[in-house]
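To keep things clear, I will list the structure first and then write my remarks on it.
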Amino acid sequence: MIRVTYDRSGAVWTPSASGAACGREAELVFVSRLVRLDNRDQLVYILEIGRASRVDAILLNGWSRWREGLPEKLKGQFAFAIFDNQNETLFIARDTFGEAPLFYFVGADRIVVADASRTVRELAGCDLQPNLQACADFLNGGYGTQDSTFFDGLSRLPAGCWTKFHGTFSSPITRYWSPAQFGKDREMACNPADQVAAFRDAFDRSVMARYQPGSTAILLSGGLDSSAILGSLIAQGVAPRDISCLIKTYRKSRDWRDERSLASLQRHFGLAFHEIASDRHDPLQDMETWLEVLDGPYVSYGHSVASNLLFEAKRVGWHSLYSGHGGEEVVGYGMGRINELARQGRWFEVWRETKGMALLGGQSRVRIMRKYLTHNPGYRRLERHLLRVFPDAQQDPNVSLNDHAAALLGEFGTAKASSILRSDHDDLMLQIEALEDPVQQLALETINQSGRSLGITTQMPFYDRDLVELSLSLPSSLKLQDGMSRYVLRAAMSGRLPDDVLSRQDKFDFTDPFVAGLVAHKERILDLTQQGEGGLLTDLAHAGRLKRVRDQLARTGTGLVPEDAHFIWRCSVLAIWQGQLKTSSGLSVQDASAGQP
């Protein structure tokens, strides 16, 4: 028997229970509330169904035609479950990048799927205990794994995957798309100008497909990504007076670098800005709300600042917000090109290209250059000699976990060594690694669920499958050229944005305002992180480090280093979440055979 919630945001299958047959080949029993099919027109044409067909009809007709091949045919944002009455199997799938969440639980007598962790817990029929490995990983500064959650027994279907259940037995999870799979078919056969034009066209299509006149604003930072969205809209005929811009400012923070770019954009286009001051913002503001919404500490250090923009958007009446999130990963910085050139012994070009990396990371070009000189045998011999004479000092790491928690954590969520440490790495390897990082899926999921809770859709046009596949096909010379990182995006936006915005390569570091906000609200943090008997902090946190950081914060907070500030913030978030843990109930479900809403 299949039971569904009133809006099909969750479903329960009880294989052992009999239910009335509906007479249909298959039923769409769950579909994410965040569904968006970017290739909808193409699908209805291929499936030969009416242009006005709803998502239900597209998915069910697609299932009838392609079966397990359906997800690969879809482009956009989706998560769904189809129950096949003929084979008595439940098929679940999730979109390419993980924009739409999909959680599931497999119990002794039921399978539950939903687009929210809390909904799954409410429908599971049993109490799910906190996943202590996930909690230890969070406290240690990790981002979990692509399939884990903060509750034992509750799983997440990874992005770009599908699986199916027959009874309570599941098939292996199948990856139908990944950057690594696509990256094997590398490099378009055309000249650079055509490649830039193709990138611009794909980006423009993605931006305009998400445009909602009258209710849309841009989260404008002054950086290249959000500015590119602005430039694309205007180039496609949207008048600047019709574009609302929501910005967060740090006018009291030293070295706030975004101000110059924002002023330039404002002068160039005659824009009106809606400003939210974010200096000394409380890093724990509204944290209880977001932990309830997300059903766990799926939050970043800047979540409270970003969520302030959501509250303001709701107050003003904007229902759709453009975000430049993902631009760095989708376009890429071209860092791997430097190693490609070094392996070929093209040292003058290596030196030229280090300019962009130095501006981005605030490092000297000489320091960057040293990493690549190891491809020279003579330099390797000299470096070995110098290390014998002047060995590197061994630094004592800041330990976040006690011995028990470290043993509990084991290999959970352990990130493999970055490809940039490999002597043979190239740019494609680094871009694939960035796109595959679990933090990307988590960020997309968190951004979308946070916005949805306030009735706001966050539009992220860089996460477009056609655009990503195109970017993966580009040569590294279009990612880093003449010391300019992310060259293809700059070239695509040439003539659309002010020159100083196009050529900008530095970034504002939000760490200082974060630490200042933490110190300004230290009383609550000190209260939250008191260690009593029992509790997650007592069980997991390194007591010595926690005491040291608390003592420093209690005195003045002056000199609190970012690593310690982040550590005590994580401790505070975990303490808030533990205080919230409780079982929710009361979500109504109905028999799927009773008809679809």
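Remark: Ser450 pairs with no residue by the side chain to side chain donor-acceptor pair (under 3.5 Å) rule, at least two apart or across chains. Not counting sequence neighbours, the partners of Asp204 by the salt bridge (charged side-chain N to carboxylate O under 4.0 Å, His left out) test are Arg496. Contacts of Arg465 classified as side chain to side chain donor-acceptor pair (under 3.5 Å), with partners at least two apart in sequence or in another chain: Glu72, Glu469. Qualifying side chain to side chain donor-acceptor pair (under 3.5 Å) partners for Ser226, counting only residues two or more places apart in sequence or in other chains: Ser221. Scored by the side chain to side chain donor-acceptor pair (under 3.5 Å) test, Glu288 finds Arg524 as partners (sequence neighbours excluded). For Asp115, the salt bridge (charged side-chain N to carboxylate O under 4.0 Å, His left out) partners two or more places apart in sequence, or in a different chain, are Arg33, Arg452. Not counting sequence neighbours, the partners of Asp295 by the salt bridge (charged side-chain N to carboxylate O under 4.0 Å, His left out) test are Arg118, Arg121. Applying the salt bridge (charged side-chain N to carboxylate O under 4.0 Å, His left out) test to Arg175 and every residue at least two apart in sequence or in another chain returns Glu436.
Between the side chains of Asp194 and Asn191, at least one donor-acceptor pair of N or O atoms lies under 3.5 Å.
One finds no salt bridge joining Asp38 and Arg40 here, because no Lys/Arg side-chain nitrogen approaches an Asp/Glu carboxylate oxygen to under 4.0 Å. The pair Asp500-Arg260 does not meet the salt-bridge criterion, since no charged nitrogen lies less than 4.0 angstrom from a carboxylate oxygen. Looking at Asp147 and Arg156, no side-chain N of the basic residue comes within less than 4.0 Å of a carboxylate O on the acidic one, giving no salt bridge.
The backbone N or O of Gly144 sits nowhere less than 3.5 Å from a side-chain atom of Ser148 that would complete a donor-acceptor pair. Judged purely by atom type and a 3.5 angstrom limit, Lys479 uses its side chain to pair as donor or acceptor with the backbone of Ser471. A donor-acceptor pair is defined here as one N or O able to donate and one able to accept, closer than 3.5 Å; such a pair exists between the side chain of Gln505 and the backbone of Gly483. Between the side chain of Asn339 and the main chain of Asp426, no donor-acceptor pair closer than 3.5 Å is present. A distance-only check finds no donor-acceptor pair linking the side chain of Arg504 to the backbone of Leu224 [under 3.5 Å]. Under the 3.5 Å distance criterion, the side-chain polar atoms of Thr249 are left unmatched by any main-chain donor or acceptor of Arg251. Between the side chain of Gln441 and the backbone N or O of Ala159 there is at least one donor-acceptor pair closer than 3.5 Å. Of the possible polar contacts, none joining the Thr446 side chain to the Ala443 backbone as a donor-acceptor pair under 3.5 Å is found. The main-chain N or O of Ser206 is found under 3.5 Å from a side-chain atom of Arg210 such that the two form a donor-acceptor pair.
Of all the heavy atoms in Met429 and Asp424, the pair that sits closest is CE-O, 4.1 Å.
Here the two rings, on Tyr143 and Phe138, have centers that are 6.0 Å apart or farther.
The ring pair (Phe, Tyr, Trp, His ring centres under 6.0 Å) contacts involving residues 297-321 comprise Phe150-Tyr298, His274-Trp318, Trp290-His303, Trp290-Phe311, Tyr301-Phe514, Tyr301-His566, Tyr301-Trp569, where partners must be two or more places apart or lie in separate chains. Listed by first and then second residue, the ring pair (Phe, Tyr, Trp, His ring centres under 6.0 Å) pairs involving residues 442-471 are Phe97-Tyr463, Phe203-Phe462 (not counting sequence neighbours). Sorted by first and then second residue, the salt bridge (Lys or Arg N to Asp or Glu O under 4.0 Å) pairs with a member in residues 220-248 read Asp225-Arg486; sequence neighbours excluded.
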Could you go step by step and tell me if Glu433 and Arg422 meet the salt bridge (charged side-chain N to carboxylate O under 4.0 Å, His left out) rule?
-> CA-CA 13 Å; Glu433 181 177 77; Arg422 292 176 47 169; over 6 Å; no

Can you give the donor-acceptor pairs under 3.5 Å from side chains of residues 325-334 to other protein atoms, not counting sequence neighbours?
{"from": "Glu328", "atom 1": "OE2", "to": "Tyr333", "atom 2": "OH", "distance (Å)": "3.1"}
{"from": "Glu328", "atom 1": "OE2", "to": "Lys507", "atom 2": "NZ", "distance (Å)": "2.2"}

